[in-house]
Amino acid sequence: MGGGHGEGVTHKGLTLHQPKRWHTVTGKGLCAVMWFWVLYRAKQDGPVVLGWRHPWDGHDDHGHGHGH
């Protein structure tokens with residue numbers, strides 16, 4: 001931890017080292033998964049969150065035996 005060897009950029013006494021390739025690739029992959037999830041949930045819950053539809057209004061599912 002914090003070996004202090006190798007290339008890096010020092011600013012006001014803090015040295016920032018270049019990340020390893022697997023850190024970069026893993027970070028980008030997890031970022032893509034996060035955005036896919038956010039956009040999927042926005043598609044599913046967007047109208048409710050924006051106030052265009054109430055969550056108790058139903059999902060237009062007819063024939064499930066609700067007795068309406």
Side-chain angles (χ1 to χ4, degrees):
M1 281 248 158
H5 298 288
E7 304 257 340
V9 177
T10 302
H11 180 71
K12 294 186 179 181
L14 178 66
T15 302
L16 301 175
H17 298 280
Q18 291 295 324
K20 301 220 186 272
R21 175 139 174 88
W22 75 270
H23 282 123
T24 303
V25 170
T26 303
K28 287 180 180 180
L30 290 174
C31 182
V33 169
M34 179 211 46
W35 279 112
F36 287 136
W37 179 254
V38 166
L39 294 174
Y40 172 76
R41 292 310 301 173
K43 179 183 173 199
Q44 299 296 316
D45 297 333
V48 174
V49 172
L50 295 173
W52 297 342
R53 182 176 63 84
H54 295 291
W56 55 82
D57 283 346
H59 302 286
D60 296 331
D61 292 338
H62 300 291
H64 283 292
H66 293 298
H68 295 301

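By convention here, the first residue in the shown sequence is residue 1.
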Residues forming a ring pair (Phe, Tyr, Trp, His ring centres under 6.0 Å) with Y40, sequence neighbours excluded: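 Counting only residues at least two positions away or on another chain, Y40 forms a ring pair (Phe, Tyr, Trp, His ring centres under 6.0 Å) with W37.
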List the atom of Q44, the atom of R53, and the distance in Å for their closest heavy-atom pair.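 Q44 and R53 have their closest heavy atoms at O-NH2, 4.3 Å.
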To check you understand the geometry: which heavy-atom pair defines the closest contact between A42 and P47, and what is its length?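 Shortest heavy-atom contact: O-CD, 4.4 Å.
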For T26, give me all partners under side chain to side chain donor-acceptor pair (under 3.5 Å), at least two apart in sequence or on another chain.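 With neighbours one apart ignored, the set is empty.
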When Ile, Leu, Val, Met, Phe, Trp and Tyr are grouped by side-chain heavy atoms lying under 4.5 Å apart, directly or through other members, which residues fall in the same group as [X]?
{"X": "L14", "answer": "L16"}
{"X": "L30", "answer": "none"}
{"X": "W52", "answer": "L50"}

Pair listing, salt bridge (charged side-chain N to carboxylate O under 4.0 Å, His left out) test, anchored in residues 15-44, at least two apart: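 Of all non-adjacent pairs touching residues 15-44, those that pass salt bridge (charged side-chain N to carboxylate O under 4.0 Å, His left out) are R41-D45.
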